[in-house]
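Note that this is a predicted model, so its numbers are computed, not measured. Below, chains carry the letters A, B, ... as their sequence lines are ordered, and counting in each starts from 1.
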Amino acid sequence: MFKRPRGTRDFLADEMSKRRTAEQILRATFESFGYKEIGTPTFENLDLVTAKSGEDIVEHLYCFKDKGGRDIALRPELTAPVMRLYVNELQRTPKPVKLYYFGNCFRYERPQSGRYREFWQAGIELIGTDRAEGEAEVIAVAFDVLKNLGLKDFELHIGHIGILRKILEESSVPENEQNSILNTIDKGDGEELEGLLHRLGVMEEDREKLLKILELRGQEKEVLPGAYRILEGSKALEELKRFEMILDLLKVFDVEFTVNLGIARGLDYYTGMVFEIYANRLGAEKQICGGGTYSLVETFGGEDTPSCGFAFGFDRLLLALELEKKGVQVECKTRFFVVPTDQKLLKDAMKISVIVRKIGPCEIDLMGRKLKKAMAYASNHEIPFVFIVGEEELRRGMVILKNMGTGEQREVEIARLTMDR
RNA sequence: GCCGCGAUAGUUUAGUGGUUAGAAUCGGGGACUGUGGAUCCCCUGACCCGGGUUCGAUUCCCGGUCGCGGCCCCA
């Protein structure tokens, strides 16, 4: 007996069918906004991954030396490969560049609910514009995905790291220190954060500002006036105005959201708007989507270009759907089943199946079963139509077509099979 | 990396320090010879792996593996 490697899954037919259906909805949504699919390798050079996420993540990677001694990593996410592809191939294409991807990723993590070692991500990257309408569109695409999938119980939280960075900048905190502060914010440890701010010599006034801003969470109307008050006279005010502009545009798309200025996403490359989507029923791993405005092109050797994007955790998305309703619909793809009344008519039945297959997916009994058992098979598999090939009908060039839903049956002319319907 | 719970046919499970390890369901066949998930009958099929305790371990103990939930992490 061979077992699956830890944290991997087999997908049976029904599940695979659901996954494909959901995948189609994601693709259609991305394409409805004009994003084009791209593909990148399943493995990349290790340094691509560490360039984006640091040396420490090697712990969480599937990586190895290949036979040529190269350090290789199975991709742990898709933003870095897409950025590499952009820098390699697309820097000179008309802006904005609108890309989407769907693919499996690998992380060496302890598996738990909604977390696997091989998992699927789907997302978009909008490269080359830093306008509010671009940022708003990116959020709208994510929201549309959920609407089109029929997911109901989720929360979309939007924040803005630009505001936080500006406050720190005013307090003369250098960028790398900003990053460690944002990291600490992301962890949600208030004491550690205060300690860190002290150590870095952030002035009392700015510290208060920051902490107050981080607490702001709720409906736009309730939160924004407070934010304006806190940031009065600050350089961060400009960022706040920009944030408001994005939120304002989101109303055009009928996107429902919660303002949450405490989102830091803990990543050094985020520069402006950031958002996360949570499926409340999922438990510990409830974040199904994350994204924002970032600056990464330079990291991969390109000319600094503003970008914005997000990634969905596809597996979690399906889990959330499954918990909410019946999930995604599964139906039998086979339309027709052909069965002879006697084994000596097998060849005739096979010939008919060849003809019928031109009309739609068609199966034929492969077990040498008697009519009754074959009918039971078709019935069990919810195949809607059965062709019964009988000796007497065959002599007249006819075959019986039975509708398994209604139980009705009639004779049809074999010669006309592909013409009817 | 850490904590808790678990592991018996494909699936859901019962049970035991010495048993032919029981059932349901699924699968295959038959009763049914030209018509459906019914009924009845037959068949196939299981104690996660390694070590220890013991005359004897599927059962008790330890370790591993895998699963579930959580912590850390989450690009």
Establish, from distance only, whether the side-chain atoms of [X] and [Y] form a donor-acceptor pair under 3.5 Å.
{"X": "A:Asp144", "Y": "A:Thr29", "answer": "no"}
{"X": "A:Tyr35", "Y": "A:Glu137", "answer": "yes"}
{"X": "A:Arg75", "Y": "A:Asn104", "answer": "yes"}
{"X": "A:Asn179", "Y": "A:Arg165", "answer": "yes"}
{"X": "A:Ser113", "Y": "A:Glu285", "answer": "no"}

Could you tell me the Watson-Crick or G-U partner of [N], where both distances fall under 3.5 Å? Say none if there is no partner.
{"N": "B:C5", "result": "B:G67"}
{"N": "B:C32", "result": "none"}
{"N": "B:U53", "result": "none"}
{"N": "B:U44", "result": "none"}
{"N": "B:G17", "result": "none"}

Which is it for A:Glu31 and A:Tyr100 under the side chain to side chain donor-acceptor pair (under 3.5 Å) test, yes or no, and what are the steps along the way? CA-CA 9 Å; A:Glu31 285 167 12; A:Tyr100 84 85; 2.5 Å; yes
Using the side-chain hydrogen bond (donor to acceptor under 3.5 Å, both in side chains) rule, collect all pairs that involve residues 288-302 of chain A, keeping only residues at least two apart or in two chains. A:Glu125-A:Tyr294, A:Glu135-A:Thr293, A:Ser295-A:Asp304
Using whole Å, what does the distance between atom [atom2] of nucleotide [N] and atom [atom1] of [X] come to?
{"X": "A:Asp348", "N": "B:G34", "atom1": "CG", "atom2": "P", "value": "16 Å"}
{"X": "A:Glu109", "N": "B:C72", "atom1": "CD", "atom2": "C1'", "value": "10 Å"}
{"X": "A:Arg115", "N": "B:C71", "atom1": "CZ", "atom2": "C1'", "value": "10 Å"}
{"X": "A:Glu15", "N": "B:U11", "atom1": "CD", "atom2": "P", "value": "15 Å"}
{"X": "A:Phe337", "N": "B:G37", "atom1": "CZ", "atom2": "P", "value": "13 Å"}
{"X": "A:Asn380", "N": "B:G27", "atom1": "CG", "atom2": "C1'", "value": "12 Å"}
{"X": "A:Asn403", "N": "B:U35", "atom1": "CG", "atom2": "P", "value": "19 Å"}
{"X": "A:Tyr270", "N": "B:C74", "atom1": "OH", "atom2": "P", "value": "13 Å"}

Assess whether one donor atom and one acceptor atom, taken from the side chain of A:Glu393 and the base of B:G34, lie less than 3.5 Å apart. yes
What about A:Arg107: does its side chain form a donor-acceptor pair under 3.5 Å with the base of B:C74?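 Looking at the base of B:C74, it does not pair with any donor or acceptor on the side chain of A:Arg107 (distance under 3.5 Å).
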Work out how far the [atom1] atom of [N] is from that of [M], and round it to whole angstrom.
{"N": "B:C61", "M": "B:A14", "atom1": "C1'", "answer": "25 Å"}
{"N": "B:G22", "M": "B:A46", "atom1": "C1'", "answer": "12 Å"}
{"N": "B:G29", "M": "B:G6", "atom1": "P", "answer": "41 Å"}
{"N": "B:G37", "M": "B:G27", "atom1": "P", "answer": "12 Å"}
{"N": "B:G4", "M": "B:G45", "atom1": "P", "answer": "39 Å"}
{"N": "B:G63", "M": "B:G1", "atom1": "P", "answer": "16 Å"}
{"N": "B:C49", "M": "B:U59", "atom1": "P", "answer": "10 Å"}
{"N": "B:U25", "M": "B:C62", "atom1": "C1'", "answer": "36 Å"}

Between N or O atoms, less than 3.5 Å apart, protein on one side and nucleotides 65-70 of chain B on the other: list the pairs.
residue, atom, partner, partner atom, Å
B:G67, OP1, A:Gly7, N, 2.9
B:G67, OP2, A:Arg6, NE, 2.8
B:C68, N4, A:Arg110, NH2, 3.4
B:G69, OP1, A:Ser113, OG, 3.1
B:G69, OP2, A:Ser113, N, 2.9
B:G70, OP1, A:Ala284, N, 3.1

Validation row, ring centre A:Phe336 to ring centre A:Phe387 under 6.0 Å: yes
Quick one: label A:Gly290 by what it contacts on the DNA or RNA (base, sugar-phosphate, nothing), any heavy atom closer than 4.0 Å.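 Contact class for A:Gly290: none.
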Test side-chain contact (heavy atoms from CB on, under 4.5 Å) on A:Tyr101 and A:Glu37; report intermediate values, then the result. CA-CA 5 Å; A:Tyr101 56 80; A:Glu37 183 174 18; 5.8 Å; no
Between A:Gln287 and A:Cys289, is there a donor-acceptor pair closer than 3.5 Å when you use the side chain of the first and the backbone of the second? yes
Donor-acceptor contact present, side-chain A:Arg107 to main-chain A:Pro76, <3.5 Å: yes
Nearest heavy atom decides the nucleotide; on that basis, is A:Lys187 or A:Ile400 closer to the 5' end of RNA chain B? A:Ile400
Using heavy atoms to find the nearest nucleotide of RNA chain B for A:Pro76 and A:Glu382 separately, return the residue whose nucleotide is more 5′. A:Glu382
RNA chain B contacts made by residues 366-379 of chain A, counting heavy atoms under 4.0 Å: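 Hits under 4.0 Å, by residue number: A:Met367, A:Arg369, A:Lys370, A:Leu371, A:Lys372, A:Lys373, A:Met375, A:Ala376, A:Ser379.
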